[in-house]
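Just below is one structure, and these are the notes that go with it.
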Amino acid sequence: MALRVPISWLYDFVEPSATPEELAERLTLAGLEVESLTNLGAQWNRDVLRVGRISEVAAHPNADRLCLVTVDYGAAAPITVVTGAPNMLRHLGEQLPAEPLMVPLALVGAELIDGHAGDGRKLKLKAGNIRGVRSEGMVCSERELGLSEDHEGILILPSDAPLGAALADYLGDHVLEFDIKGGFAHLLSVFGVAREAAVLTGKTLKRGVLEIAQQEHMPTTGDPSYIQLEIADPDLCSRYVALLIEGITVCPSPFWMSQRLLRAGLRPINAIVDVTNYVMLELGQPLHAFDYGMLRPEGQAHKPLIRVRRAQPGEKMRTLDGVERSFDGEMLLITDGGGAVGLAGVMGGENSEITDDTTAVLLESANFEFLNTRRTSQLLKLRTEASDRFGKRLDPELCLRAALRAATLIAEICGGRLRMEYGDLYPQPAGLEPVRLELDFVERLLGVAVPREEVVRTLEALEFTVAGEDPLLVTPPSHRMDVSMPADLVEEVGRIHGYDRMPHTLIQDELPPQMRNTLLDGTERIRDLLIGCGLDEIITYSIVSIGDQAKLDPGGGAVDESAFLAVKNPLSAERGHLRRGLLAEGLNTMRANLRFQGRVSIFEVGRVFHPRAGEMLPEEPLRLCALLSGPRAAGFWQSGESGPAFEFYDVKGVAETLLEGLEQAGAEWRPGAGPAYHPGRSAQLLVEGKAVGELGELHPRVVAAFGLGSRTVCALEADVDALLALWHEDKQMDPLSQQPPVYEDLAFIVDEALPAEQLRAMIAQTGGPLLREVQLFDLYRDQRLGAGKKSLAYALTYQAEERTLTDGEVAKVRSKIVNRVEKELGAELRGEV
Amino acid sequence: MLESLNALEKEGLDALKALAQAEELPVWYRTYLGRKGRLTEVLRGLGVLSAEERPHAGRRANEIKTALESAFETRQDELRAAEMEASLASGALDVTLPGRPVAPGHLHLSTRMLRRIRAIFAEMGFQVYEAPEVETDENNFELLNIPPYHPARDMWDTFWINDQVVLRTHTSPGQIRCMRENHPHPIRVILPGKCYRYEQVTPRSEHQFYQVEGLAVGHNIRITDLIGTMHEFARKMHGAARRLRIRGSYFPFTEPSIEIDMDCILCAGKGCRVCKFTSWLEIAGAGMVHPVVLRNGGYDPDQWSGFAFGMGVERPAMLHHGIEDIRYFYSNDLRFLRQF
Ligand SMILES: [Zn+2]
């Protein structure tokens, strides 16, 4: 949660002792990361931006909507500037008020923000003639100074602003911006940051604002005379403080307060609202101001009622933002005798809002249970400064202190009186359990021995109470509800000591047994093999469009949505399901890339998600998908425009390379694959009898559905887990024979329908150990071979291990082969090739 | 006889000198030195000479044979050398034309980064542990000390499958799985993987990205070990001269928590846009495993301690390669992917 702290405000509580930059670095290292440090007024040149006093406002001789303002700034002679600001024109022809009218004055050479441009553009002030009158400077608006967006009129400074002072000294400031993570409510305030700064710089924290209660000697009561208080659901509200301030006039906030609010990022509204905001920023306790006059008693009671209770399911109220909201039975309401007047910890009700006519304010300072507040805020999608703060655990001890701080400020600014009796329901005052801290444990976690004195000093500076020698008995202060175990204390010691000062060591513990990670190694092997085949790796989104899945079925069948895991809150309506396969996104990637190149060969290896009946989590098999389209060879100037395109045998070649690289023998190719494939140009791949994937040319309708036109697209999809389950790395060496080989070519004419593999396998098997290699080198079709026939020509290599083969031996093997394939496959030897 | 021998020698040598190309050499050889050549012819005539003249003429004939043969060798070398010169002179190629592409493919940049990260940690004994991408709320949040509605949940915008199942927002749930599988034995692993966050896709943020988590559990694991390990990693990943800045931080599953910054590799400490003029770049969030998390993993926090860290994969790649838009990673434009 963002927090902006003007350093001038911080200095209310801690003496400055370092430059703002040094302080920011110290805070950052201790865990309060300063996201930005803004120097407000860095560009205000001291010589030319001053505090001025208006001594005269006179009419412009040539323009009704401009006036001449004479400004004294302590120099020998005052200067005259021309302005059209409404709050200057208004003084025309009038006696100036008795109170000095102080303004920021820019002299020639000053750098300002162009108030008319509205985009933060800068300008350098020059002397000039405005409608015939020389203007030697400018009186400035907040926008021109970069203080806020306000450009309605000239910024009027307090009457006690020092005449002639450099504006940088009077108004300049630094703003520290933090992003407070997690549930650290104690850091979400100017005071909280000051507490850290004090510890880190060794200064004393000025705690005056927290001690008003001790000074006031006001009586506490659960039943004040002005209101009936009741907490009906103490599990959701541990404390409720109410104060009454009467006789007030709702007015704008004083200059100093609105400036601080602006610097902290809040817009001033009116003094009552501003004070509640101011105290919230200062101390971290959100407050709410009810118009006391609007609160209703219950029945005939003589005083109004505040009851904190869970809503009736369906109960309604219009919140301050004008929205009528309906609540469920877990949401906590502030109600009066007539119904809901506020949504506890989130937003007040419109019916009890402060207006210009309000004369009495009931100030609420309460502690609401944080998880419930967050739940309410999330379910209603209503986030406010208050709900963000109540959504972290706040210190209940802060309630009364903050209420008194705010009441004092309201009475000061709005002229009211605080009723000298405060209402406080605090059924079970919280106390934090002491934590036992062994000094040994500090060293065990940090790796450095922090002396006992430093541990104690650090913890005490952070307001922990420390007792005992070793172990220490450490009681956290009420605002440190995040601390409950020794490790929490070690963190306090560590971060104040400074992690940056600690030595760097390496683990000295025993090394756990180191194991081979076959799945990972194998997956990387697959990637390497595929890039070796010239494929580029892609990584696509896991959250996909289910519409694309439908395109994978050329039959146009409906997609079974239940087979997909759906995301409840997708980023877009289109992409709302987890992928079951990689093909669709691969095709989308191919289409996107074909806009820039004609040849795309890509692959992805990634998890896909298959819901399992009766299981909370899906199965996450690891899949591989490769896609090829376009010219087979990368472009080269010698080979002309483009060579032949990728086709079935290219993707099969990729698959075979993969199988060889994974040392998998015994692959079997069965014709036909899933519906996304061309029925006659696809195959299922089995290894050792197990199906591991499919490949082929995609169905033309699928190709077209993905916007790829009529090109040929080849795909390979495989189950990586299945492939790797069969991964061997134990290939045995084939002995190299020194004997001369005998080469021979045989061509057979067979039926077109006979799968080539069947012929090859039979040749190889029949050839026995003397036939070392059988390689297809020609496939030939011709009318002369006869209809429905094809010729397959093989190069055979015969070789014996230990001796030279004789022609006779070779002839014997050959005739065995020829006889068998002729007999069993109906092949016909084509004679010498 | 001698005259005709001398004339033959002169004629032969002249003819040899007159040859222009090496391919004419065999004809010359046949003509003068071949089995049916001129010299043989002359030698055959020796029989008609007297016994006195014969040895003299024979000697002379052999001299001439040797002279012609040696002249032949010399001439042959000359002609061949000249021809090679000519062919070298005419065979020059335009060496500026492109070579024939071998066209290997490219690994995705994220894969390359993951391999580098894994290799560095492998040297320090960190093995890879992989966990599912779809996780239970329990593993992703609750067992990591982040109960339902806890304010720390604001740190992760989550994709939900249902009330109990999420797309993991970080690799940290793998810590729980790994501890539950390995207790009561020491652990030293990294957990790389894809994570998902419910975030609009912009040049600075993606809804899908990689993270690498590290986890070490032992009897004597200290925060200085964590800092030392991170330093070792930064030096190997980003250069030997890298300096670290360690600051306190907050994560619900570590206690104490730290963040690790590295001096900006782009501006050498002078401040630049990438380091937001701080001269530091955040490289990892880390800390000592929270006692609650240790206990949830099956380790007694009184006996065991551990550290954990988490780091991005795309960001360091962006830094190293000057990539300003994270969307390039998973939109898979080959013009981008083929650059790495
Ligand atoms: Zn930099």
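Order of the sequence lines fixes the chain letters, A, B, ..., with proteins taken first and strands second; residue numbering starts at 1 for each chain. All values derive from a computational prediction rather than experimental measurement.
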Margin query: Which one wins on heavy-atom pair count under 4.5 Å against chain A: B:N220, B:L334, B:I227, B:L244?
Written below: B:L334

Notebook entry, point to check: Looking at B:M124, B:E130, B:M155, B:K194, which has the largest count of heavy-atom pairs under 4.5 Å with chain A?
Noted result: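 Looking at each of B:M124, B:E130, B:M155, B:K194 in turn, B:K194 comes out on top.
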
Next item on the list: Output yes when a side-chain donor or acceptor of A:Q514 lies under 3.5 Å from a complementary backbone atom of B:G125, and no otherwise.
Entry: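 Pair found, side chain donor or acceptor close to backbone of B:G125.
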
Notebook entry, point to check: Does B:R247 reach the main-chain N or O of A:T28 with its side chain, forming a donor-acceptor pair under 3.5 Å?
Noted result: no

Check: Strictly by modelled atom types, are B:R338 and A:Q597 linked by a side-chain donor-acceptor pair under 3.5 Å?
Finding: yes

Margin query: Less than 3.5 Å apart, any donor N or O on the side chain of B:Y250 or A:E33 sitting next to an acceptor on the other?
Written below: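 B:Y250 vs A:E33: no donor-acceptor pair found between side chains.
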
Could you tell me which portion of [X] (side chain, backbone, both or neither) has an atom closer than 4.5 angstrom to a non-hydrogen atom of chain B?
X	result
A:M485	side chain
A:I602	side chain
A:P486	neither
A:M1	neither

Next item on the list: I would like to know whether A:E524 and B:R118 meet side-chain contact (heavy atoms from CB on, under 4.5 Å); could you show each step before the answer?
Entry: CA-CA 12 Å; A:E524 296 304 335; B:R118 280 201 307 259; 2.9 Å; yes

Next item on the list: Go through the steps for B:D225 and A:L506 under the test side-chain contact (heavy atoms from CB on, under 4.5 Å), then give the verdict.
Entry: CA-CA 5 Å; B:D225 296 341; A:L506 288 177; 5.8 Å; no

Next item on the list: Determine whether B:L337 and A:E537 make a side-chain contact, defined as any pair of heavy atoms from C-beta on separated by less than 4.5 Å.
Entry: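 Side chain of B:L337 against side chain of A:E537, heavy atoms only: no contact under 4.5 Å found.
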
Note to self: Students often mix this up, so state it plainly: with edges at 30° and 60°, are the rings of A:H504 and B:H231 parallel, tilted or perpendicular?
What the structure shows: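 Perpendicular.
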
Next item on the list: Fit a plane to each ring of A:F370 and B:H150, take the angle between them on a 0 to 90° scale, and name the class: parallel (under 30°), tilted (30 to 60°) or perpendicular (over 60°).
Entry: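 A:F370 and B:H150: perpendicular rings.
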
Margin query: Between B:E199 and chain A, with a heavy-atom cut-off of 4.5 Å, which part of the residue counts as in contact: side chain, backbone, both or neither?
Written below: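 Only the backbone of B:E199 comes within 4.5 Å of chain A.
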
Next item on the list: Tell me, for B:N139 versus chain A, whether the close heavy atoms (under 4.5 Å) come from the side chain, the backbone, both or neither.
Entry: neither

Check: Salt bridge or not for A:E25 and B:R245, using N-O below 4.0 Å?
Finding: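 Here A:E25 pairs with B:R245 in a salt bridge, since their nearest N and O are under 4.0 Å apart.
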
Notebook entry, point to check: Could you go step by step and tell me if A:L565 and B:V165 meet the side-chain contact (heavy atoms from CB on, under 4.5 Å) rule?
Noted result: CA-CA 11 Å; A:L565 222 54; B:V165 178; 5.8 Å; no

Next item on the list: Begin from the C-alpha positions of A:L571 and B:Q200 and carry the test side-chain contact (heavy atoms from CB on, under 4.5 Å) through to its verdict.
Entry: CA-CA 7 Å; A:L571 282 173; B:Q200 295 302 326; 3.5 Å; yes

Notebook entry, point to check: Do other residues, nucleotides or ligands put more than 12 heavy atoms under 6.0 Å from the NZ atom of B:K276?
Noted result: no

